[in-house]
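The structure under discussion appears below in the form of structure tokens.
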Number of protein chains: 2
Amino acid sequence: MASKGLMAATTKPLILTILSEGKNYGYNIIQQVKKISDGQLQWSDGMLYPVLHRLEKDGFISSEWIITTSDRRRKYYSITEAGKKELHVEREDWISLHSILKNLWGLKPTT
Amino acid sequence: MASKGLMAATTKPLILTILSEGKNYGYNIIQQVKKISDGQLQWSDGMLYPVLHRLEKDGFISSEWIITTSDRRRKYYSITEAGKKELHVEREDWISLHSILKNLWGLKPTT
DNA sequence: TTCTTATACGTAGAATATCAAGGTATGGTT
DNA sequence: AACCATACCTTGATATTCTACGTATAAGAA
């Protein structure tokens, strides 16, 4: 529900964070995000897949097809070492930007 | 110094916040941002002006030329009512997204 | 005087990104 | 059979960023 700019800023760190907790696939990542955000973030698949492809192209995640018997094919993504580093950087960036905005907005530490 | 995605997400709320504290002009906004962020954010002018123009086109800010004697011309921007509302929305969005990431990352309230 | 730096605004264009809309296919349920 | 959920993908319109460039004046240094 957030604005475009903010949406764009959160897709990458959110995906990397979810993958840092274990391999996962596109469709399920969408469900995870919805659950984690308490329904606030409802990603469409058409929005997610291009981002996953880009992250893979950039070397932050890797993929493998897994086909279970009597199940659908799934493309599982894993975070790479480069991806872990990237996540760390994104995290630091986010925290310092939040710190700046927090000061500007005079937010209490609890928010 | 932050990533492109995060930069994009902060320009709008930062500009609106600065203007909500009083009218200001492009060149000085860049200095303000640098000061506020302790040098972390160093915006270029070529990056800021298009954003200001867009915000004005969208009705969130308004502008007026001011020429002081023995001084340069300056284009002062003011936040509009619509801009104040927009800032409020952006603020809420930011706070709720931060809350989601904070939980995911297990950050302490002080961060 | 002339050069440089700081102030102050702007645009063009390449590169990048978003996101809705549409497409394919299988499994399970009614 | 019909329908929904699962699961992946691409295209194309639109928007956005940001580098690089251009214009101009004032102040201070060489």
Side-chain angles (χ1 to χ4, degrees), chain A residues 1-15 18 23-35 41-58 60-77 90 93 97, chain B residues 1-16 18-19 23-35 41-77 86 90 93 97:
Chain A
M1 294 303 189
S3 71
K4 284 187 186 181
L6 271 179
M7 279 296 297
T10 41
T11 45
K12 196 171 162 186
L14 266 179
I15 292 169
I18 287 169
K23 58 174 62 172
N24 214 326
Y25 59 100
Y27 194 86
N28 195 50
I29 290 174
I30 293 173
Q31 318 297 324
Q32 284 268 117
V33 167
K34 189 178 172 184
K35 192 181 158 196
L41 298 178
Q42 300 203 21
W43 290 355
S44 67
D45 54 351
M47 168 267 226
L48 176 64
Y49 291 119
V51 178
L52 287 173
H53 298 158
R54 180 166 53 83
L55 289 176
E56 184 170 26
K57 188 180 62 93
D58 292 344
F60 299 137
I61 61 179
S62 62
S63 66
E64 52 178 334
W65 282 102
I66 291 184
I67 305 168
T68 329
T69 41
S70 78
D71 203 356
R72 289 167 203 82
R73 64 185 186 137
R74 286 175 183 165
K75 199 175 191 177
Y76 275 82
Y77 288 94
E90 291 264 338
D93 285 349
L97 282 176
Chain B
M1 292 305 191
S3 71
K4 283 185 187 181
L6 271 179
M7 279 294 296
T10 41
T11 45
K12 197 171 161 185
L14 266 179
I15 292 169
L16 290 180
I18 287 169
L19 291 183
K23 59 174 62 174
N24 214 327
Y25 58 99
Y27 193 85
N28 195 50
I29 290 173
I30 293 173
Q31 319 296 325
Q32 282 269 116
V33 167
K34 189 178 173 184
K35 191 181 160 196
L41 299 176
Q42 300 204 20
W43 291 354
S44 66
D45 53 353
M47 168 268 226
L48 175 64
Y49 290 118
V51 179
L52 287 174
H53 298 159
R54 181 167 52 83
L55 289 177
E56 184 170 25
K57 187 180 64 91
D58 292 343
F60 298 137
I61 62 180
S62 62
S63 66
E64 52 178 333
W65 282 103
I66 290 185
I67 303 168
T68 330
T69 42
S70 78
D71 202 0
R72 287 166 205 83
R73 60 184 189 138
R74 286 173 183 165
K75 199 176 190 176
Y76 275 84
Y77 288 93
E86 182 72 5
E90 291 265 338
D93 284 349
L97 282 175

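Predicted, not measured: the structure shown is a model, and the values here were computed from it. In the text below, chain A, chain B and the rest are named by the order of the sequence lines, each starting its count at 1.
For the pair W65(B) CH2 and dA24(D) C1', the interatomic distance rounds to 11 Å; values are reported in whole Å. When rounded to the nearest whole Å, the span between OH of Y25(B) and P of dT7(C) equals 8 Å. Distance, I15(A) CD1 to dT18(C) P: 9 Å, rounded to whole Å. Between the CZ atom of R74(A) and the P atom of dA7(D) there is a distance of 4 Å, rounded to whole Å.
Across all strands, G26(A) comes closer than 4.0 Å only to sugar-phosphate atoms, never to a base (heavy-atom distances). Counting non-hydrogen atoms under 4.0 angstrom, D45(B) reaches a base of the nucleic acid. No contact: W43(A) has no heavy atom under 4.0 Å from any strand.
With dA7(D), dT18(C), dT11(C) as the candidates, the nucleotide lying closest to the side chain of H53(B) is dT11(C). Across dT16(D), dC8(D), dG10(C), the shortest atom-to-atom separation from the side chain of R54(B) is found for dT16(D). For K75(A), the side-chain atoms get nearest to dC9(D) when compared with the rest of dT7(C), dC9(D), dA5(D). Counting only heavy atoms from C-beta on, M7(A) has its side chain closest to dC19(C) among dA5(D), dG10(C), dC19(C).
Checking the phosphate oxygens (OP1, OP2) of dG10(C), no side-chain nitrogen or oxygen of Y49(B) falls inside 4.0 Å.
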